[in-house]
Amino acid sequence: KLCVRNSIATSQPWITLDTQWLPLSNPDLGRFRVSSRGHVFHQSRGVNGTGYALCLECGRAEPMHANGDLPEKFENPHRKLRRSKSDAAFCLGSEDTWKIKTGMTLGHETWTDVCEIQLKTQTGIWLNDKTAANTLAVALRDALAELIGVQASELACDTKPVKMDDGSKCQSIILFDRNAAGYASSVDRFIDQLFHKARKRLQCPADCDSVCPHCVLDFDQRFAAELMDRHVALTLLDEKWLNAMSLPDEYAYLGAKSRLEYLPLFEALWQNIADSKTTEFRFYVSGELES
């Protein structure tokens, strides 16, 4: 026998975090922030997108019709979702119409590691192309997983529209852990390599027209494939943009290998002390001393 199960397109989760923004190596190209307690709210409005009918008596839920009508199981007395042998077959909620709630959204919330990235073009315009942002989100997710050494399925990605302080619009790129393992919140350790790896991901070995399984298309993006195009993403993440991402010369106090440290001083020190290879710290101090 052949069993076919309909797929329900998942709704975009609501992802929020409230932490300090940090500049990229070149602040003119964007910013990012991370949190180990980002809030993620997942939701579903059913196969037709019109919500569910929910019985408050027994807990049975069925998707509403596309026109908002009740599902067939609630048009007549419905059977209890669960019952013992001594219980009646039909739910008492069928007799009280107020117990059948319509248009309900089902969801749950979690807290996990989240990274939010907002990018600018070299002309100083915030990235507001949904297709480019969606594609970059997947490429950055895959690049981060590779740098950490975990399966890409350990991480998820998304985008959301935001209004900036100057009134312009931007598509934020969101990376988050599926199991709060500390991956997405460690982006600052890999920020210098992250965008280079993402660009390599976008350079498809099969030279596809938009996206394919050889580059950034996977099972998670099966409902969003039409909103992805690696060529559009590459118009932002080109060689000139990556070169501009380098730390400006006036801040490269320690030579070509200089990089920004995003952790607070004492936290960064302790992290390096934990590394058995670290044997010495040197501090470069500049500025005028007060008398």
Side-chain angles (χ1 to χ4, degrees), residues 1-17 38-83 87-112 114 116 128-138 141 153 155-163 169-179 210-211 216-229:
K1 294 182 179 180
L2 176 64
C3 179
V4 179
R5 182 178 180 179
N6 292 330
S7 296
I8 299 177
T10 56
S11 299
Q12 186 178 36
W14 298 349
I15 306 172
T16 57
L17 63 162
H39 181 251
V40 182
F41 176 71
H42 298 276
Q43 60 180 321
S44 172
R45 291 192 55 79
V47 67
N48 296 311
T50 51
Y52 294 85
L54 174 66
C55 176
L56 300 181
E57 179 73 25
C58 70
R60 179 178 290 278
E62 296 290 340
M64 304 282 291
H65 287 296
N67 61 2
D69 289 346
L70 277 173
E72 286 79 2
K73 288 192 176 181
F74 285 104
E75 290 179 351
N76 299 304
H78 62 274
R79 291 183 177 275
K80 288 184 176 180
L81 187 63
R82 298 178 65 182
R83 68 185 183 90
D87 289 339
F90 294 97
C91 176
L92 295 177
S94 302
E95 302 173 5
D96 296 312
T97 55
W98 66 269
K99 290 186 177 181
I100 308 299
K101 301 300 181 183
T102 59
M104 301 295 290
T105 298
L106 303 182
H108 74 97
E109 59 184 357
T110 60
W111 286 264
T112 188
V114 179
E116 182 176 3
N128 192 34
D129 188 309
K130 179 71 172 175
T131 298
N134 283 343
T135 314
L136 284 170
V138 181
R141 186 276 309 268
S153 57
L155 292 157
C157 59
D158 211 334
T159 61
K160 68 175 182 180
V162 295
K163 188 174 183 179
K169 296 179 180 179
C170 177
Q171 289 287 335
S172 276
I173 294 171
I174 309 292
L175 311 177
F176 60 100
D177 288 17
R178 295 189 185 276
N179 301 301
S210 56
V211 290
V216 292
L217 183 62
D218 61 18
F219 183 76
D220 287 349
Q221 280 71 50
R222 63 194 184 280
F223 297 116
E226 294 181 357
L227 294 175
M228 295 175 62
D229 190 325

- prompt: Sub-3.5 Å donor-acceptor pair from the side chain of S44 to the main-chain atoms of L106, do we have one?
  reply: no
query: Checking T112 side chain against D177 main chain: does a donor-acceptor pair fall under 3.5 Å?
result: yes
- prompt: After noting the C-alpha distance and the side-chain angles of Q221 and C157, does the key distance pass the side chain to side chain contact (heavy atoms under 4.5 Å, CB included) rule?
  reply: CA-CA 10 Å; Q221 280 71 50; C157 59; 4.0 Å; yes
- request: Please determine, by modelled atom types, if S172 and E116 share a side-chain donor-acceptor pair under 3.5 angstrom.
  value: yes
task: Please examine the side chains of M64 and P71, heavy atoms only from C-beta on, and report whether any two atoms are closer than 4.5 Å.
output: yes
message: Heavy-atom count check: over 12 atoms from other residues, nucleotides or ligands less than 6.0 Å from E75 CD?
response: yes
task: Verify the neighbour count for atom NZ of K101: are there more than 12 heavy atoms of other residues, nucleotides or ligands below 6.0 Å?
output: yes
field: Heavy-atom check, side chain of V216 versus side chain of T135, under 4.5 Å
entry: yes
- prompt: So, does N134 use its side chain to make a donor-acceptor pair with the main chain of M228 at under 3.5 Å?
  reply: no
Side-chain (T50) to main-chain (H65) donor-acceptor, under 3.5 angstrom: yes
Backbone N/O of T131 and side chain of D129: donor-acceptor pair under 3.5 Å: yes
- prompt: Heavy atoms, side chains only, cut-off 4.5 Å: are Q171 and L136 in contact?
  reply: no
- request: Keeping the roles fixed (side chain from K130, backbone from L227), state whether a donor-acceptor pair exists under 3.5 Å.
  value: no
